[in-house]
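Step one of this worksheet: look at the structure below.
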Amino acid sequence: CSKLLALKLLRLVTANGVGCLGGDPTFALVPVLSMQNKGTTATVPSKSTITYTVTLYVGNVLTGEIYESTSINMMGVGNSYEKATINAINTIENSREIKQMLANARTKIVNSYESNPYSIINKVNEYISRDDIDFAYLLLTSVPDAATNTYALAQEYIPKVQNMLY
């Protein structure tokens, strides 16, 4: 079921122009599922029912910063609890709430980078001083290109840090 949920979420972020497979994994859409109810129908034959609340968070994997979140309810019915869970996951749609959450997250991510471009460079220098060159490089390459000023600044520093890696 976790692969199905991952694919469903991947479709949502790519449909909204904010994600893809591969590349930089700095930003993530993370689901947290909470089962609300588990039962059976009163029909013959009886079916399994399950209800979840899934909270979706958009965050920065490196810093732990959360940019936006939303919660949705999903319910499924099936011949088993596993089938009911699969059917519940399949009810997740590209709703107005999800579209708005992803758009807000994108804006907040870009604004956070653009508001203080030198804070990234200060963090990079801090990692270099602790001889954590890999993390300094990762931080520089994680700046999204939509944050044009900070991205340009990071691009200037990448060769310097890259040379330290070898």
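Note that the structure is predicted; figures quoted are calculated from it, not measured.
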Taking a hydrophobic cluster as the set of Ile, Leu, Val, Met, Phe, Trp and Tyr residues connected by side-chain heavy atoms closer than 4.5 Å, whether directly or through intermediates, do [X] and [Y] fall within one such cluster?
{"X": "I109", "Y": "V30", "result": "no"}
{"X": "I133", "Y": "Y157", "result": "yes"}
{"X": "M164", "Y": "L139", "result": "yes"}
{"X": "V110", "Y": "F27", "result": "no"}
{"X": "L9", "Y": "L7", "result": "no"}

Original post:
For Y151, which residues count as a side chain to side chain contact (heavy atoms under 4.5 Å, CB included) partner, sequence neighbours excluded?
Top reply: V143, D145, Q155
**OP:** Please identify each residue that fulfils side chain to side chain contact (heavy atoms under 4.5 Å, CB included) with T63, with sequence neighbours left out.
**Re:**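 Expected list: N60, E65.
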Original post:
Should side-chain heavy atoms under 4.5 Å link Ile, Leu, Val, Met, Phe, Trp and Tyr, which residues sit in the same cluster as V32?
Top reply: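 Taking Ile, Leu, Val, Met, Phe, Trp and Tyr as members, V32 shares its hydrophobic cluster with Y57, I66.
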Original post:
Given a cutoff of under 4.5 Å between side-chain heavy atoms of I, L, V, M, F, W and Y, with clusters grown through shared members, what are the other residues clustered with M75?
Top reply: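 When side chains under 4.5 Å apart are linked, the cluster holding M75 also contains V77.
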Restricting to pairs with a member in [range], which pass salt bridge (charged side-chain N to carboxylate O under 4.0 Å, His left out), not counting sequence neighbours?
{"range": "residues 28-39", "answer": "none"}
{"range": "residues 76-97", "answer": "none"}
{"range": "residues 102-127", "answer": "E68-K108, E126-R130"}

Considering non-hydrogen atoms only, spot the tightest contact between [X] and [Y] and give its length.
{"X": "T55", "Y": "S71", "value": "OG1-OG, 2.9 Å"}
{"X": "P117", "Y": "L153", "value": "O-CD2, 3.8 Å"}
{"X": "K8", "Y": "I92", "value": "CE-O, 2.7 Å"}
{"X": "K99", "Y": "N16", "value": "CG-OD1, 3.2 Å"}
{"X": "S48", "Y": "A84", "value": "O-CB, 3.6 Å"}

Original post:
So, T41 side chain and K47 main chain: donor-acceptor pair closer than 3.5 Å or not?
Top reply: yes
Original post:
Quick one: does T141's side chain have a donor or acceptor within less than 3.5 Å of a partner on L138's backbone?
Top reply: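 Between the backbone of L138 and the side chain of T141 there is a qualifying donor-acceptor contact (under 3.5 Å).
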Contacts of type side chain to side chain donor-acceptor pair (under 3.5 Å), residue [X], not counting sequence neighbours:
{"X": "N90", "value": "none"}
{"X": "S2", "value": "none"}
{"X": "N116", "value": "none"}
{"X": "S34", "value": "Q36"}

**OP:** Determine which pairs satisfy ring pair (Phe, Tyr, Trp, His ring centres under 6.0 Å) with at least one residue from residues 96-132, sequence neighbours left out, and list them in order.
**Re:**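 Listed once each, the pairs are Y127-F135.
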**OP:** Please say which of T85, I86, L10, I89 ends up in a side-chain contact (heavy atoms from CB on, under 4.5 Å) with L5.
**Re:**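 The side-chain contact (heavy atoms from CB on, under 4.5 Å) with L5 is passed solely by I89 among T85, I86, L10, I89.
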**OP:** Would you sort out whether T40 and Y81 count as a side chain to side chain contact (heavy atoms under 4.5 Å, CB included), showing the intermediate values?
**Re:** CA-CA 9 Å; T40 56; Y81 288 117; 3.8 Å; yes
**OP:** Would you mind reporting whether I98 and I72 have side-chain heavy atoms less than 4.5 Å apart?
**Re:** yes
Original post:
Side-chain contact, heavy-atom cut-off 4.5 Å: T49 with T51?
Top reply: no
**OP:** Would you please test E156 and I121 for side chain to side chain contact (heavy atoms under 4.5 Å, CB included) and show each step?
**Re:** CA-CA 10 Å; E156 290 176 26; I121 301 308; over 6 Å; no
Subject >> Rounded distance (nearest 0.5 Å) linking atom OH of Y67 with atom CG of N111 >> reply: 10.5 Å
